[in-house]
Amino acid sequence: MALLKDVLFDNNWSSASFQNSFAVNKLMQSGILTPIKGSIRQDIDGLDSDNMKSIIVAGIISRTFAEPKGMDATDTELTPNELGQTEYKVKTFYQAYSELERSIQADIMPMSIADAKVHLINVYGTYWATHWNKLMANMIKGMTDISAITIGDGTANFSRQLVLDARKIKGDIGFGRIGKMYMSSTTLYDILSKIEAGTISAGTIVETYGQNTIVVDGVQTVVQSDTPTYKYNGVTEIELDDDMADGVVGIIEQGAFGIGERNLKQPLESIRNGLAGNGSGITQVVSRKAFIIHPIGFNFVGTLATDYAKVSELTYAELQGGGLYEVASDVKATNITILKVKIGA
């Protein structure tokens, strides 16, 4: 029998513990998130509740290609190619999620302490993976105001040609592997209906039934999925999120978003509020995270409606509203492209 106090205090919890959850691991394996390194990593490590910077300033190092000079017996001198550096701003997040202690305790009561820890990792890991996916979906939705990465005006149906037109932005850098496509359920329904009617080519998006990993009593089990997964060309997974605007498709290549997380002192703890619950008090199990999720190659330029001097975040509504990001590098080096496609006849 597992008691929550034993699970919380007798295990070495860290912010990275939740990366072992199935949901977070699946998100990281998609490749669209890449760990932040370098000087900005040091800035992230310096974040804390007493030192929460709302914005971190980082830099993009660039080299301009130059044709080599021929050398001969004369006094030809080489002009060194200097590195360029562009500063850009990165928004930080310091957020928390909680569940009632009595609910968690009821779940883990029949488990061993080891299985109970796995259960908590998956409960909270699933929440954070879902939240991170929603952050990215809402960032993408808000980026439709960036013309340099947007293809289409909503008058043409979704098609392989339109995807190729979007990827042409990469130019001589070349196409990267598409990690995911983000769209709303209405957009997917419209595409599937047009495939059925023959208006869009068969196989453009296919329905698959694979295997899912579920957690039962703290133990991961692989089962046949009853819920279909939709894939572009049968390969690229489609992430459905109705926070995405209908008719907007985000094409997300690998490494599109950088992620970095501060290892907090108490990433998971039990907190009692004696005045809540009509005075009877309630106890919550709180998970905290201080992190960044930032589109690589973009600069945060937003003016926020809320003062986040002490608590740093961005709401979904703020992200959806746009005007928060601009391209900070050669657009070829960005890994996010947005399609505006036709909905309906």
Side-chain angles (χ1 to χ4, degrees), residues 1-33 35 49 93-137 180 209-229 237 239-241 243 259-274 276-277 280-291 293 313 316:
M1 181 179 73
L3 296 177
L4 184 61
K5 64 181 183 66
D6 297 328
V7 179
L8 292 179
F9 294 114
D10 293 349
N11 291 275
N12 294 321
W13 289 94
S14 71
S15 297
S17 296
F18 304 103
Q19 293 180 10
N20 295 321
S21 70
F22 172 73
V24 172
N25 188 47
K26 180 182 177 183
L27 178 58
M28 296 302 296
Q29 286 185 350
S30 72
I32 63 174
L33 284 167
S49 58
F93 295 82
Y94 185 40
Q95 298 176 313
Y97 169 74
S98 70
E99 294 202 6
L100 288 174
E101 183 188 56
R102 62 175 179 267
S103 300
I104 295 292
Q105 182 60 70
D107 285 344
I108 67 173
M109 182 67 75
M111 303 178 190
S112 67
I113 289 180
D115 288 345
K117 182 175 183 180
V118 173
H119 178 75
L120 287 182
I121 286 173
N122 280 291
V123 166
Y124 288 93
T126 298
Y127 172 80
W128 288 113
T130 302
H131 174 53
W132 288 345
N133 257 319
K134 283 188 168 294
L135 281 179
M136 290 185 286
K180 278 190 179 184
Y209 290 83
Q211 293 180 325
N212 276 348
T213 300
I214 62 174
V215 180
V216 179
D217 294 336
V219 179
Q220 292 189 5
T221 305
V222 177
V223 298
Q224 184 70 31
S225 173
D226 293 326
T227 304
T229 297
E237 183 178 348
E239 184 75 31
L240 291 179
D241 195 315
D243 285 338
I259 186 170
E261 185 175 357
R262 169 76 160 102
N263 188 20
L264 299 175
K265 296 175 184 177
Q266 290 182 302
L268 187 68
E269 66 173 326
S270 179
I271 299 176
R272 178 169 174 77
N273 182 348
S280 62
I282 62 172
T283 303
Q284 303 176 69
V285 182
V286 180
S287 172
R288 297 187 187 86
K289 283 194 176 291
F291 63 93
I293 287 183
E313 66 173 347
Y316 297 157

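All values derive from a computational prediction rather than experimental measurement. Scope of the values below: all heavy atoms of this structure, side chains included, with no hydrogens, waters or symmetry mates.
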Q: Kindly say whether Ser14 contributes a backbone atom to a donor-acceptor pair with the side chain of Gln266 at under 3.5 angstrom?
A: no
Q) What is the minimum heavy-atom distance between Gln19 and Val24, and which atoms define it? A) CA-CG1, 3.6 Å
Q) Can you tell me how far OG of Ser112 sits from NZ of Lys117, rounded to the nearest 0.5 angstrom? A) 12.0 Å
**Q.** Distance in Å, Lys26 NZ paired with Thr126 OG1, rounded so as to fall on 0.5 Å steps
**A.** 10.5 Å
Q | Sequence-distant partners of Leu268, side-chain contact (heavy atoms from CB on, under 4.5 Å), two or more places apart | A | Leu8, Trp13, Phe18, Leu120, Tyr124, Val285, Ser287
Q | Between CG on residue Asn273 and OG on residue Ser98, distance to nearest 0.5 Å | A | 11.0 Å
**Q.** For Glu239, all residues meeting side-chain contact (heavy atoms from CB on, under 4.5 Å), sequence neighbours excluded
**A.** Asn133, Lys180, Tyr182, Glu237
Q. Looking only at heavy atoms, what is the nearest atom pair of Ala106 and Pro110, with distance?
A. O-CD, 4.0 Å
Q | Side chain to side chain, Val123 and His119, heavy atoms closer than 4.5 Å | A | yes
**Q.** Gap between atom CD1 of Ile113 and atom CG of Leu3 - 0.5 Å precision
**A.** 7.5 Å
Q: Walk me through it: do Met111 and Val7 pass the test side chain to side chain contact (heavy atoms under 4.5 Å, CB included)?
A: CA-CA 11 Å; Met111 303 178 190; Val7 179; over 6 Å; no
Q) Would you say Ser15's side chain and Pro267's backbone share a donor-acceptor pair under 3.5 angstrom? A) no
Q) Do you know which two heavy atoms are closest between Leu264 and Ala290, and how far apart they sit? A) CD1-N, 3.8 Å
Q) To the nearest 0.5 Å, how far apart are CG in Leu33 and CD1 in Ile259? A) 5.0 Å
Q: Flag the pair Trp128 / Glu261 as yes when at least one side-chain heavy-atom distance between them is below 4.5 Å, and no otherwise.
A: no
(Q) Testing the basics here: between Val286 and Ile271, what is the closest heavy-atom pair and its distance to 0.1 Å? (A) CG2-CD1, 3.9 Å
Q | side chain to side chain contact (heavy atoms under 4.5 Å, CB included) between Arg272 and Glu101, intermediate numbers included | A | CA-CA 9 Å; Arg272 178 169 174 77; Glu101 183 188 56; over 6 Å; no
Q. Can you name the nearest heavy-atom pair linking Phe291 to Leu135, along with the distance?
A. CE1-CD1, 3.8 Å
(Q) As an exercise, state the distance from OG1 of Thr130 to OH of Tyr127, rounded to the nearest 0.5 Å. (A) 9.0 Å
Q) Taking Asn263 for the side chain and Ala16 for the main chain, is one N or O donor matched with an acceptor at less than 3.5 Å? A) no
Q | Any residue meeting ring pair (Phe, Tyr, Trp, His ring centres under 6.0 Å) with Tyr316, in chain and number order, not counting sequence neighbours | A | His131
**Q.** Gln105 and Thr283, any side-chain heavy atoms less than 4.5 Å apart
**A.** no
